[in-house]
Amino acid sequence: MRICIVAEGSYPYVTGGVSSWIHSLARNMPEHEFVIYAIAAERKQKGQFKYTLPSNIVEVQEIFLDEYMQLEGEWGHHLRLTPDQRQSIKALISGEGDLDWSRIFSVLCDPKLSNAANFLMSRDFFDIMSQLCEEKYEQLPFTEMFWTVRSMVLPLLLTVQKPLPQADLYHAVSTGYAGVLASLAKYLYGKPVLLTEHGIYSREREEEIIKADWVDGYFKDIWIRYFYTLSTCAYQYADEVITLFNRNREIQIELGCEPDKIRIIPNGVTASDYENLSAKAPGEPIYIGGVVRVVPIKDIKTMIQSFNIIKRQVPEAKFFIMGPYEEDPEYYEECRLMVELLQVEDVIFTGSINVKEYIGQMDILLLTSISEGQPLAVLEGLAAGKPMVTTDVGSCKELIYGNNDEFGPAGSVVPVMSYERIGEEVIQLCRSAELRQRMGENGRNRVRSLYTNHNFITGYQNLYQTCGGLNGWPVSVSN
């Protein structure tokens, strides 16, 4: 079977949980061929892959959202939209009313629309915007509203107008642009669509927009509703929606996904890979670490503030921030500056690492993210028998405290950005080797029982067979 994975902002350009998940999925299914349809932010990322692709990934098609900046469009085209098409486009922009995505696709895939920017400079679009502003946005300057919506919608139009690869099945690993493209493939080719949500894409975009300084306050609600509207497309078109834990399932239902479509397939690791890892040398002080990309959503600044508190009580402790920092150089420099301003010593930014070479040396692991799904870093830490202190995001509470299982706590879960609480919990662990040992064993046993790579892969193998058919490609490929 040929499977098209549609990924936005992840594989193969950045390392991390979602990218590792895609890589593992392909490597563990040599019976299938995979095409990666990769959506990235900037063209300068072209070909800059962080992974050596397995040979059954036979093609990578790349699309870059900054390309829309070069599109200008010609004023005055008239597309003669039907009333139903006009209504659906209004609903797409406003986030309200009757939205039929097939009508959106019929407009955007019309051969007469040779350039996506032409639609946004057409008389039809101008009339729709005029009507919307009269009905709903009368208090906003029309010119600002027009160009804001144009910049909002143009990346979508660009992605939709790119040719889609042919496949037997389309698997989006988020909603948003990836979910819309997989849905478009179903509209065009009649092929099944799967959606896996690691986090809740629309809520993550909402958090980003609330904090963003590139969106004026009175336009933030429009952007937020827009991303929630994009998510409805994938929920409507997907044949199966896979999530990682029950709380995400509840949120998806709240956002309009049909409950009968949703199934839970947790992530997993091969626990034996995290046994007998190299330990730190005898006599070394407490090592605290975070396996994490240095980007704002991981809230590295809270990690640093927490370690500043820890260092006062455990002055010999060392802190390792283990992960790449090239993705957001400005944020990385802000984090380094914070270390200097706080005058906290023994903070080490390792850059990209082989996790297994470092994680065995840690005594305690941290995760301070403001948003997560089911973090691979937590699963790896638990598999290695390390106690963890995490923020209350995604499935962390379930991973650390269990879900009515018998294994016991594997660390502590605290509110987001609560650096004082994080510091207190870590200090408690620093002071008791017995507590670290007991919680580490609890986590290791939980992962061995409930979060195995075998169960994860088997779940998707069965799903692919059910949705896409039983025929695999000739087994002439290897990992």
Side-chain angles (χ1 to χ4, degrees), residues 14-17 20 269 273-274 276-329 331-369 372 375-391 396 410-412 414 419 422-423 425-431 433 436-437 439-440 443:
V14 298
T15 57
S20 297
V269 294
D273 289 348
Y274 298 87
N276 303 315
L277 299 176
S278 60
K280 68 183 181 185
E284 285 291 316
I286 290 285
Y287 281 8
I288 303 162
V291 180
V292 62
R293 292 178 294 124
V294 182
V295 293
I297 201 168
K298 303 299 182 181
D299 198 6
I300 308 303
K301 294 178 182 179
T302 288
M303 276 190 175
I304 294 167
Q305 290 174 299
S306 301
F307 186 65
N308 188 40
I309 292 171
I310 296 161
K311 193 71 170 169
R312 296 172 196 162
Q313 299 296 319
V314 191
E316 72 278 11
K318 293 186 177 181
F319 184 40
F320 297 81
I321 299 174
M322 300 174 284
Y325 44 72
E326 303 87 358
E327 188 175 338
D328 193 332
Y331 183 72
Y332 169 59
E333 288 304 320
E334 290 174 5
C335 292
R336 292 193 66 89
L337 180 60
M338 174 177 276
V339 172
E340 293 177 12
L341 292 174
L342 292 174
Q343 297 182 328
V344 57
E345 297 180 345
D346 297 316
V347 175
I348 300 104
F349 290 87
T350 68
S352 297
I353 60 162
N354 181 336
V355 171
K356 294 170 190 173
E357 292 178 0
Y358 273 76
I359 199 171
Q361 302 177 48
M362 299 298 121
D363 295 288
I364 303 159
L365 292 172
L366 291 185
L367 181 133
T368 56
S369 299
E372 287 283 355
L376 178 63
V378 175
L379 289 173
E380 290 177 328
L382 299 181
K386 305 300 176 181
M388 300 206 62
V389 178
T390 78
T391 44
C396 285
S412 301
V414 302
Y419 65 89
I422 294 168
E425 296 294 343
V426 172
I427 290 166
Q428 183 181 3
L429 286 165
C430 288
R431 289 174 171 165
R436 296 197 300 271
Q437 176 70 23
M439 287 187 163

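Along the sequence shown, residues are numbered consecutively beginning with 1. This is a predicted model, so every value here is computed, not measured.
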Margin query: Nearest 0.5 angstrom please: E425 CD to M388 CE, how far?
Written below: 13.5 Å
Notebook entry, point to check: What distance do I427 atom CD1 and I309 atom CD1 have between them, rounded to the nearest 0.5 Å?
Noted result: 7.0 Å
Next item on the list: Only pairs at least two apart or in different chains count here, so list each salt bridge (charged side-chain N to carboxylate O under 4.0 Å, His left out) that has a residue in residues 345-360.
Entry: D273-K356, K311-D346
Next item on the list: Nearest 0.5 Å please: distance from the CZ atom of R431 over to the CD1 atom of I286.
Entry: 11.5 Å
Next item on the list: Return yes if some donor-acceptor pair links the side-chain N/O of R436 with the main-chain N/O of K386 below 3.5 Å, else return no.
Entry: no
Item checked: Atom pair CD (E284) and CD (Q361), whose distance is rounded to the nearest 0.5 Å -> 8.5 Å
Check: What are the two closest non-hydrogen atoms of T391 and S369, and how far apart are they?
Finding: OG1-O, 2.7 Å
Check: Rounded to the nearest 0.5 Å, what separation is found between the CD1 atom of I297 and the OG1 atom of T368?
Finding: 11.5 Å
Checklist line | Check: Y331 side chain, I300 main-chain N or O, donor-acceptor pair, under 3.5 Å | finding: yes
Notebook entry, point to check: Within a reach of under 6.0 Å around CD of E316, are more than 12 heavy atoms found that belong to other residues, nucleotides or ligands?
Noted result: yes
Notebook entry, point to check: Angle class for the F320/Y287 ring planes (parallel below 30°, perpendicular above 60°, tilted otherwise)?
Noted result: tilted
Checklist line | Closest non-hydrogen atom pair, L376 against G17 | finding: CB-CA, 4.1 Å
Checklist line | Criterion side chain to side chain contact (heavy atoms under 4.5 Å, CB included) on F319 and L366, from CA distance to verdict | finding: CA-CA 10 Å; F319 184 40; L366 291 185; 4.1 Å; yes
Notebook entry, point to check: Do you know the tightest heavy-atom contact between L429 and V389?
Noted result: CD1-CG2, 3.8 Å
Item checked: Chi angles and distances behind the side chain to side chain contact (heavy atoms under 4.5 Å, CB included) call for I359, L365 -> CA-CA 9 Å; I359 199 171; L365 292 172; 3.8 Å; yes
Note to self: If you compare all heavy atoms of P296 against all heavy atoms of D328, which two are closest, and at what distance to 0.1 Å?
What the structure shows: CD-OD2, 3.5 Å
Note to self: Testing the basics here: between D363 and P285, what is the closest heavy-atom pair and its distance to 0.1 Å?
What the structure shows: OD2-O, 3.9 Å
Item checked: Within 6.0 Å of CG in N276, more than 12 heavy atoms from elsewhere -> no
Notebook entry, point to check: Going by the side-chain hydrogen bond (donor to acceptor under 3.5 Å, both in side chains) test, which pairs reach into residues 289-303, not counting sequence neighbours?
Noted result: R293-E327, K298-E372, D299-T302, K301-E334
Check: Closest heavy-atom contact between C335 and I304?
Finding: O-CD1, 3.5 Å
Check: Should V292 and L367 be marked as a side chain to side chain contact (heavy atoms under 4.5 Å, CB included) after you check the CA-CA gap, both sets of side-chain angles, and the distance that decides it?
Finding: CA-CA 8 Å; V292 62; L367 181 133; over 6 Å; no
